[in-house]
Each structure stands twice: as structure tokens, then as C-alpha cells.
Amino acid sequence: MNPLHLADAVRAALVAAVRAGELDVQVPDEITIDRPRSREHGDYATPVALKLAKAAGLPPRAIADTVATHLRQADGVAAVEVAGPGFLNITLEAAAAGALPGRILAAGAGYGRSDGLKGRRINLEFVSANPTGPVHIGGARWAAVGDALGRVLSAQGAEVVREYYFNDAGAQIDRFARSLLAAARHEPAPEDGYGGAYIGDIAAAITAEHPDWPALPDAQASELFRRTGVAAMFDEIKATLHTFGTDFDVYFHEDSLHSSGAVAAAVQRLKDSGHLYVKDGAWWLASTAYGDDKDRVVIKSDGEPAYIAADLAYFLDKRARGFDLCIYMLGADHHGYVARLKAAAAAFGDDPDVVEVLIGQLVNLVRDGAPLRMSKRAGTVISLDDLIESLGVDAARFALIRYSVDTTLDLDIDLWTRSSNDNPVFYVQYAHARLCRMLANAADLGLPGGDPAVAVDYDPALLDTPQESELLALLAAYPGVVTAAADLREPHRVARYLEDLAAGLHRFYDHVRVLPMGDADPTPATTARLRLSAATRQVLASGLDLLGVSAPERM
RNA sequence: GCGCUCGUAGCUCAGCUGGACAGAGCAGCGGACUUCUAAUCCGCCGGUCGCAGGUUCGAAUCCUGCCGGGCGCGCCA
């Protein structure tokens with residue numbers, strides 16, 4: 001019996017009441033089931049009678065009384081009380097709640113997965129940092145959150161393709177190339193160039209690989225540094241992300257859109273459909289017609305495509321590859337893109353809702369309470385590599401994922417590097433490791449129940465201490481958490497849930513003895529508790545996997 | 001000025017698709033280990049949910065206005 005089953009039971013009770021002529025209302029599709037803070041209000045509660053009062057033309061408590069009468073007949077329901085203004089407080093039979101571990105263990109890693117998004121083909125684009133420097137802290141946030149979101153969406157049955165858009169065309173790349181060339185010539189970085197230590201490293205690697213470079217004419221030298229420098233930077237970015245546990249299915253090169261003629265074709269299509277017009281020698285997209293604040297230049301007056309031209313072609317490319325949803329994860333400094341990306345889709349005659357832009361707030365680094373100003377040009381950035389080095393992959397991922405991307409993150413560098421044990425990831429991982437040791441001990445003792453692979457009967461009614469009830473309720477909530485995380489595009493819900501689940505496990509562990517003490521014989525409760533422990537271990541492992549964080553067997 | 005976004009405990013943040021007295025971690029104070037991992041558990045302290053209105057049986061949550069912070073408003077990418 002979990003919240004979803006209970007919602008079905010409440011709905012059935014409503015239908016029964018309507019059939020009996022006791023109520024005259026449309027039975028709602030969604031039934032809210034809450035987990036009350038206090039057990040005095042039952043295991044679960046629903047305000048459905050309050051919501052229906054107006055439509056039914058009856059006092060909420062009268063409706064609640066009617067529904068309660070029918071709900072009491074439902075399997076697994078021990079008691080139903082009407083409380084306050086008309087809440088239905090529901091208490092489950094211990095056996096109905098206690099049956100859950102058996103079902104979780106039967107489902108294994110499948111528990112918490114669903115097919116709610118089956119058939120959806122989702123393109124998830126994130127990070128997409130320019131290959132002019134290492135991935136910095138902002139990119140790190142998307143690398144962690146985006147990857148976790150991909151996992152969560154996949155767990156709901158969606159077909160997800162993770163994509164990195166590689167801006168290897170345009171002026172920034174030219175500046176990058178000039179910066180490399182300047183470094184190779186031991187000249188200061190150009191005024192508008194990049195000056196981090198990595199520039200010197202890459203330049204040195206290129207000159208070592210191509211010792212005859214000084215003989216090249218300027219244009220060729222520039223091209224050499226551009227081509228090899230971008231390739232080197234890109235390899236480094238890929239390697240860093242791989243270390244971080246984030247691998248992309250597609251690394252898409254902006255350059256390819258230009259060379260293949262896709263950009264020209266997209267522009268022509270808009271010209272043909274009358275969505276482009278000429279003003280001041282440039283071609284403009286009439287995006288205001290579709291909700292943008294202003295029209296956008298697509299082809300500049302010098303004949304060169306503007307940045308958005310490639311975006312247009314890129315969108316068409318994604319659609320041609322069969323995606324029915326294109327998610328873009330962008331930083332708050334790019335929120336101005338939302339309207340133009342949707343307008344672009346509309347201009348192509350497509351549904352703007354195919355484009356979904358997730359805006360995440362920026363990450364501020366703080367030291368001693370003062371903001372640390374970062375500059376890519378000056379090379380004073382905290383890179384993803386730095387983060388991994390000081391925190392480790394698991395702690396860094398968890399720390400970045402556990403906050404809503406709606407919040408601007410203030411990360412205190414010293415705190416993070418000094419006392420990384422404060423990171424809740426260890427709390428969650430410790431819960432998993434604790435269970436692994438206990439289950440291993442059970443196996444050594446030859447006790448049944450601890451092995452997830454072996455189905456073992458147990459008496460579910462024995463799981464009736466407060467700590468066991470709480471743990472069962474937490475386990476029951478897991479599928480709903482994953483669904484919410486996917487639907488709302490908020491993987492941080494999974495991280496927060498795991499912290500709660502770990503807390504529930506630790507309380508259980510500290511208050512309820514599982515294995516027999518000393519030479520004592522195992523009891524039926526031993527088996528039931530081992531099943532509960534094994535099921536909890538499974539959900540902890542599944543949840544951590546959704547975050548791309550390891551579930552260690554010992555710590 | 002216009003737009004987006006955030007404002008919850010000393011700090012960092014959950015809760016926001018409306019539900020019962022607002023939560024966690026950290027910090028502070030005090031307890032619990034000769035038996036399954038104390039990276040744990042238990043207790044105490046701590047908040048006019050930025051302010052003011054509105055909608056509602058019910059608002060941290062929805063709407064409006066104001067205040068404060070961040071970001072954006074290029075023929076840059």
C-alpha cells in the first residue's frame with residue numbers, strides 16, 4: 001500500500017458514494033494524498049472532501065463522513081477518521097504497509113522506474129561551454145544536474161539523448177587562436193583574448209607537436225593554432241566530463257551546420273515563408289510576431305550569419321532526428337534566449353512547446369564571506385577539474401545536484417575543501433554501506449531474508465515499530481519522487497529524498513535491532529527486518545544511481 | 001526604464017501543481033558506544049516565511065503593488 005494505491009482506494013470510495021446516491025459530484029482524476037507531519041493525523045491524509053464541498057453543495061465534514069464509510073471497507077486500511085475541517089486521516093494495517101519490501105525486492109532496480117514517458121524522444125542539451133577554456137564551476141553545475149535529469153527522464157521510460165553543442169565557429173574561437181599564437185611567441189595575451197595558464201600549456205603542446213610552426217605564414221600559423229588548439233581544448237573538456245561521470249551521446253559541432261549548408265538552408269526556408277525581412281542591409285527574423293521582445297538579425301549586413309542563424313539550423317536538425325522535445329539547459333545570463341528559441345520554432349511552423357528552456361541560476365564562489373570574482377580571460381576561474389580534485393566526484397556531484405537550479409548558489413570554497421565531510425552525500429552513502437555490512441553479516445550467519453535475489457516469505461505485520469513504519473512510508477514515496485523529479489525537471493528532489501531516506505534508515509538502525517544478539521536464535525522479526533533492510537539498500541542504490549553517485553559497500 | 005529570477009532560523013538551503021502547529025543540515029548547548037560500521041542516534045536553542053493588500057473554508061505556496069539582491073536587454077558569441 002503506497003500513496004498511489006491509496007489514491008485509487010479513495011477514488012473508489014468516492015465512486016461508491018456517488019453510485020449509492022450519497023454524493024453528486026464529478027470524481028476528480030487527481031486525489032491528493034499527504035503524509036502528515038504528525039502520526040496523530042494518521043499514516044496518510046487527504047483533503048479531498050474539502051475540495052469537493054463546493055461542487056457537492058455539502059459541508060466538507062459530511063462528505064468526509066460519507067467517504068470514510070466506504071474507505072473503511074478497503075483492503076489494507078485499518079482506520080479512517082474525519083478530522084478538523086474535513087480531512088480524512090487514514091491509518092494503514094501494518095501488514096499492508098509491511099508488504100512493500102517484498103515487492104521492492106521482486107522489482108529490484110525496476111522499483112521507482114515507470115513508463116510514464118514511454119515513447120518520448122527527448123533531446124537534452126546542456127553544458128555546451130565554449131571550447132576556449134576548461135569547464136568552470138557554472139558548467140559543472142549543468143554537467144551534474146543535466147546528467148541527473150537525463151537519468152531521471154530515462155527512468156520514466158523516455159528515450160534521452162544527451163547533447164553538447166560545441167561552438168567551434170565564430171569570433172571567440174578566433175580570439176582563442178590568437179591567444180595561443182601569442183603565447184607561443186611569448187607575447188602578452190591579446191587585449192580581448194584569454195590569459196589563463198592553460199593557454200600556455202596548450203600552446204606549448206602545439207609547438208612541440210609542430211616544431212616547424214614559426215616558418216608558417218601568419219594565416220597558416222593562425223589556422224594551425226585554431227584547429228589543433230580547439231581540438232586539444234575539446235579533448236580536455238570531454239576527458240574532464242568523463243571523469244565527472246557525465247558522458248554525452250552527441251557532441252554537436254556548430255561548424256558542421258555552416259559547412260553542410262544547413263544554416264543556409266534554414267535561412268532560405270525562413271525567407272521563403274516570409275519570416276525574414278531586410279533592414280539596414282541585414283536580414284531580420286520577425287520574432288516579435290511570436291512573443292520575442294525584438295526582432296533578431298539572422299544575416300548581418302556584412303553577409304555573415306549571426307549566432308542565431310546556427311541555432312535555427314540546429315533546431316531543425318534536432319527535429320529532423322526525430323526528437324519531440326528539445327530541452328535546453330541554460331544559465332541565467334542566457335535567459336534572453338528563451339523567447340527567441342521558441343519564436344524560432346514557431347517561425348518554422350513548429351509547436352513552440354517542443355522547445356523547453358530550463359534556466360538555472362549562476363554559481364557564486366565565496367571565500368571568507370566575500371564573493372570571488374572569476375574571469376576566464378584572467379584565468380582566475382575555479383574549474384571542474386579543481387572541484388573534482390578537492391571534493392571528489394561523488395561529493396561534487398551530490399553537492400551540485402541537491403539544490404534547486406532556481407537558487408543562486410553561494411559556495412564557500414574553504415568550507416568545501418576544508419570539511420567536505422559535511423557533505424550530505426556521505427550521510428547517504430554511509431547508510432548504504434552500513435546496510436551492506438549488516439546484510440553481509442546476515443549471510444555469514446546463514447540467515448534468510450538478506451539476499452535480494454532470493455524470495456523469502458516474512459510476516460509483514462511484524463514491521464510495526466515507529467521507525468519501521470516511517471522507513472516503509474519513505475520507501476513507498478520513492479516512485480512518486482522520481483516521477484515528480486522528471487515531470488518538474490528537478491533532480492534535486494531525488495537528492496533531498498535520499499537524505500530523508502538515509503535519516504529514516506539510520507533511525508531504524510539505531511532503534512531496532514536486526515540481527516540476533518550474541519547466540520540468540522533468529523526470530524520471525526529478524527527475517528522481516530532483513531527484508532526491510534535489503535529493500536532500503538536497493539532504493540538507496542537506485543536513487544544514488546539516478547544522481548550518478550556511487551553506492552559504496554563499505555566506507 | 002523594460003524583462004527574467006530570487007528573498008524562509010546566525011549560515012547554506014528544502015518545502016511552492018494551495019492543506020492541519022513552517023522543516024533539514026551546519027553553527028551553539030547537553031546526552032547515548034564492551035554486541036549489526038558512532039561518517040550514527042536522542043534532546044535543547046533558534047523564524048513577523050522581505051513588506052502591504054487580494055483570492056480562498058485554508059496562503060511560505062496563487063494574484064497585484066512595493067522594497068532589496070542577481071542576471072539580461074548588440075548587425076558579440
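Just so it is clear: chains get the letters A, B, ... in the order the sequence lines come, proteins before strands, and each one is counted from 1. These numbers come from the heavy atoms of this one structure, side chains and all, not from hydrogens, waters or symmetry mates. Computed from a predicted structure; not experimentally measured.
The phosphate of rA14(B) has OP1 or OP2 within less than 4.0 Å of a side-chain N or O from Thr407(A). For rC2(B), neither phosphate oxygen OP1 nor OP2 lies less than 4.0 angstrom from any side-chain nitrogen or oxygen of Lys294(A).
Per the geometry, CG belonging to Leu409(A) stands 14 Å off P belonging to rC6(B), to the nearest Å. The interatomic distance linking Asp302(A) (CG) with rC75(B) (P) rounds to 12 Å, in whole Å. Straight-line distance from the CZ atom of Arg496(A) to the C1' atom of rA14(B): 5 Å, rounded to whole Å. One interatomic measurement links the two molecules: OH of Tyr403(A) to C1' of rG25(B), which rounds to 9 Å at whole-angstrom precision. Distance CG (Asp292(A)) to P (rG74(B)): 11 Å, rounded to an integer number of Å. Rounded to an integer number of Å, the gap from CG of Asn423(A) to P of rU40(B) is 12 Å.
Summary of the strand contacts: Arg175(A) and Arg493(A) both lie near RNA chain B, and taking for each the nucleotide with the nearest heavy atom, the more 5' one is attributed to Arg493(A).
In this structure, CG on Leu149(A) lies 12.0 Å from NE2 on His492(A), to the nearest 0.5 angstrom. Once rounded to the nearest 0.5 Å, the distance linking CG of Leu276(A) with CH2 of Trp284(A) reads 12.0 Å.
Comparing rC36(B), rG3(B), rG70(B) by their nearest atom to the side chain of Gln361(A) picks out rG70(B). Each of rC75(B), rC71(B), rU56(B) was ranked by its minimum atom distance to the side chain of Ala282(A); first place goes to rC75(B). Nearest nucleotide to the side chain of Met555(A), out of rC75(B), rC16(B), rA39(B): rA39(B). In this structure, of rC4(B), rC13(B), rU17(B), it is rC4(B) that holds the atom nearest to the side chain of His335(A).
Spacing of P atoms, rC2(B) relative to rA59(B), comes out at 31 Å, to the nearest Å. Taking the C1' atom of each, rG54(B) and rG72(B) are spaced 31 Å apart, rounded to whole Å. Using C1' as the reference atom, rC11(B) and rA20(B) are 30 Å apart when rounded to the nearest Å. rG30(B) and rU35(B) are spaced 27 Å apart, taking the C1' atom of each and rounding to whole Å. Rounded to whole Å, the C1' atom of rA60(B) lies 8 Å from the corresponding atom of rG15(B). Rounded to a whole angstrom, the distance from the C1' atom of rC67(B) to that of rG23(B) is 27 Å.
Classification of Glu470(A) and Arg35(A) as a salt-bridged pair holds, one side-chain N sitting under 4.0 Å from a carboxylate O. A salt bridge links Arg296(A) to Asp292(A): at least one charged side-chain nitrogen sits closer than 4.0 Å to a carboxylate oxygen.
When Watson-Crick and G-U wobble pairs are counted only if both distances are under 3.5 Å, rC66(B) pairs with rG50(B). Pairing for rA14(B) is absent, with no Watson-Crick or G-U wobble pair whose two atom distances lie under 3.5 Å. Base pairing of rC76(B) is not made with any nucleotide, judged by Watson-Crick or G-U wobble geometry with both donor-acceptor distances under 3.5 Å. With a 3.5 Å ceiling on both atom-pair distances, the Watson-Crick or G-U wobble partner of rG3(B) is rC71(B). Searching all strands for a Watson-Crick or G-U wobble partner of rA27(B) with both distances below 3.5 Å returns nothing. A 3.5 Å limit on both hydrogen-bonding distances identifies no Watson-Crick or G-U partner for rA38(B). A 3.5 Å limit on both hydrogen-bonding distances identifies no Watson-Crick or G-U partner for rA60(B).
Of the residues in residues 499-511 of chain A, those with a non-hydrogen atom less than 4.0 angstrom from any atom of RNA chain B are His506(A), Arg507(A), Tyr509(A), Asp510(A), His511(A).
Among the atoms of the strands shown, base atoms are found under 4.0 Å from some heavy atom of Val512(A). Note on Ala332(A): only backbone sugar-phosphate atoms sit closer than 4.0 angstrom, heavy atoms only; bases stay farther off. Looking at heavy-atom distances under 4.0 Å, Glu40(A) makes no contact with the nucleic acid at all.
Counting non-hydrogen atoms of neighbouring residues, nucleotides and ligands closer than 6.0 angstrom, the CG atom of Asp353(A) exceeds 12 such neighbours. Sparse packing is recorded around CD of Glu81(A), with 12 or fewer heavy atoms of other residues, nucleotides or ligands lying under 6.0 Å away. For Glu553(A), the CD atom counts as loosely surrounded, since its 6.0 Å shell holds 12 or fewer non-hydrogen atoms of other residues, nucleotides or ligands.
When every heavy atom of Asp317(A) is checked against every heavy atom of Phe252(A), the shortest pair comes out as OD1-CE1, 3.4 Å.
When each of Val10(A), Leu92(A), Asp34(A) is paired with Tyr44(A), the side chain to side chain contact (heavy atoms under 4.5 Å, CB included) condition holds for Leu92(A) and for no other.
A cation-pi arrangement is present between Arg434(A) and Tyr509(A) under the rule of less than 6.0 angstrom and at most 45 degrees off the ring axis.
Classified by interplanar angle (parallel below 30°, tilted 30° to 60°, perpendicular above 60°), the ring pair Tyr251(A)/Tyr164(A) is tilted.
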Distances for protein N or O near nucleotides 18-21 of chain B N or O, under 3.5 Å:
from    : atom 1 : to       : atom 2 : distance (Å)
rG19(B) : N7     : Lys51(A) : NZ     : 3.2
rA20(B) : N6     : Asn89(A) : OD1    : 2.3
rA20(B) : N1     : Asn89(A) : OD1    : 3.1
rA20(B) : N1     : Asn89(A) : ND2    : 3.1

